[in-house]
There are 2 protein chains.
Amino acid sequence: MDFDRSDSFNKQTLQEVAKKIPQLDVSSVETLLTFIKTSYKVHSLIEENLGFYGLSPGRIRVLLVMYVENDKYFTPSELADKVGITRATVTGLLDGLVRDGIVERRNHPNDRRMVMIRLTHDGVKLLNRVLPPHYLLIAQLMSGLNETERKSLVHLLEKIEQNLPDHAQTPVQEP
Amino acid sequence: MDFDRSDSFNKQTLQEVAKKIPQLDVSSVETLLTFIKTSYKVHSLIEENLGFYGLSPGRIRVLLVMYVENDKYFTPSELADKVGITRATVTGLLDGLVRDGIVERRNHPNDRRMVMIRLTHDGVKLLNRVLPPHYLLIAQLMSGLNETERKSLVHLLEKIEQNLPDHAQTPVQEP
DNA sequence: GACTTATTATTAGGTGGCTAACAGTTTTCT
DNA sequence: AGAAAACTGTTAGCCACCTAATAATAAGTC
């Protein structure tokens, strides 16, 4: 669901659209384009890296929740809430993760509606192998910004968020 | 594909992961989290708005290419290249757009492998109706940043891009 | 001119997201 | 106690993306 992928929509093209649509503010759109394009690139890169280990953004988000509390069992609902996706999507992700032996499903002892999910031993090993290069990549991505610049970036992003209409609820993260 | 949706991965959780993974640089991850979370929110909002008119990010990207050169015919390959998605995906998008009467498919007069695509009259009318509020929303999103701040944001984003490995080709945009 | 190579659009099959509907359970409320 | 309400996970069906394979056609080569 990303908007900008190529450079086909350069400034020149933008000017042409602006001729037809008076509401178009070129400066706003250019800034947004850069923003979305960068986020697409960053996202793709991380996704590509996880792909080497058979993981995906969706999978890693769910796995990380379990990784930080290793011994605990989680219900699909709990995972859905923590990750910010629907229960239906979690079911689909778990199907794959169980198939690949990364996670195990168990019946809940008291409530027969529920299922309990936990990382398998192999799942933990996988994460121990995947996470170091994952975070190394993130550190590398940010290495061009010093602490001041990072704060400044976060500050600008927060300013954008303040202009989001309230009804647009937000859910998550994957560190 | 977005990574961060909820706030389940707050700083505290991050600290815990950092204990297990020494490669994790908290400042980098925090900055990236904010970045991805904001981009997710912005993206969702735009998507939601387009949805009111039966459009999606994928559709609008393809349509915009045709909108700026209204009379021209485009081949699916051409659209794929300009938008930065595969031809297979374009085929799928066009199926829907043709079904909805927004776009028309024609045979190429000389090369029988090719197909020629063009906006229908209804398609043009739809875009004339959709684009003004679309760009109004973008202007609103950026209204919290003055010109200096926008330049500063773009500059910081470019710094991040400079640290992307080269092999990660990038494709595009939707203004 | 025939054969190989390249190109086009499409199909098939996979993924991760969504909503809506469902059956099975538990809880709540009279 | 029994009916209604609420909750759980799954399924079904849609979308937009991907890769790989395919059939049809065009272009290049010997």
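Basis for what follows: all heavy atoms, side chains included, without hydrogens, waters or symmetry-related copies. Proteins come first, then strands; the chains are lettered A, B, ... in the order of their sequence lines, and each starts at number 1.
Atom CD of B:E78 is separated from atom C1' of C:dT8 by 13 Å (rounded to the nearest Å). Rounded to whole angstrom, the span from the CG atom of A:L94 across to the P atom of C:dG16 amounts to 11 Å. Here C:dT26 presents its P atom at 10 Å from NE2 of A:H108, a figure rounded to the nearest Å. If you measure from atom OH of B:Y40 to atom C1' of C:dC18, you get 10 Å, rounded to the nearest angstrom. Atom CG in B:D95 sits about 14 Å away from atom C1' in D:dC17, given to the nearest Å. Counting to the nearest Å, the C1' atom of D:dC14 and the CG atom of B:L55 are 16 Å from each other. Between the CG atom of B:L79 and the C1' atom of C:dT8 there is a distance of 13 Å, given to the nearest Å. As rounded to whole Å, 12 Å separates atom C1' of C:dT7 from atom CG of B:D81.
Taking for each of B:R105 and A:L93 the nucleotide of DNA chain C with the nearest heavy atom, the 5'-most of the two is the partner of B:R105. Heavy-atom distances to DNA chain D give each of B:G92 and B:R87 a nearest nucleotide, and the one nearer the 5′ end belongs to B:G92.
Shown here for B:N110 and B:H108, the closest heavy-atom pair between the two residues is N-ND1, 3.0 Å.
With respect to A:R59 and A:D100, a salt bridge is recorded, a charged nitrogen being found less than 4.0 Å from a carboxylate O. Remark: B:E30 does not engage A:K151 in a salt bridge, criterion side-chain N to carboxylate O under 4.0 Å. Residues B:R150 and A:D25 are paired through a salt bridge, judged by an N-O separation under 4.0 Å between the basic side chain and the carboxylate. Salt bridge status for B:R87 with B:E78: absent, with no side-chain N to carboxylate O gap under 4.0 Å.
B:S56 has no side-chain polar atom (N or O) that falls below the 4.0 Å cut-off from OP1 or OP2 of D:dC15. Using a 4.0 Å cut-off, no side-chain N or O of B:T89 falls inside it from OP1 or OP2 of D:dA16. A close approach under 4.0 Å does occur between a side-chain nitrogen or oxygen of A:T91 and OP1 or OP2 of D:dT10. Between B:R59 and D:dC17 there is no side-chain N or O to OP1 or OP2 distance below 4.0 Å.
Side chain to side chain, A:T38 and B:E161 meet the donor-acceptor criterion of an N or O pair below 3.5 Å.
At a non-hydrogen distance threshold of 4.0 Å, B:N110, B:D111, B:R112, B:R113 from residues 110-117 of chain B come into contact with DNA chain D.
Using a 4.0 Å heavy-atom cutoff across all strands shown, B:R106 reaches no nucleic acid atom at all.
Ring to ring, A:F35 and B:F35 are close: their centroids are under 6.0 angstrom apart.
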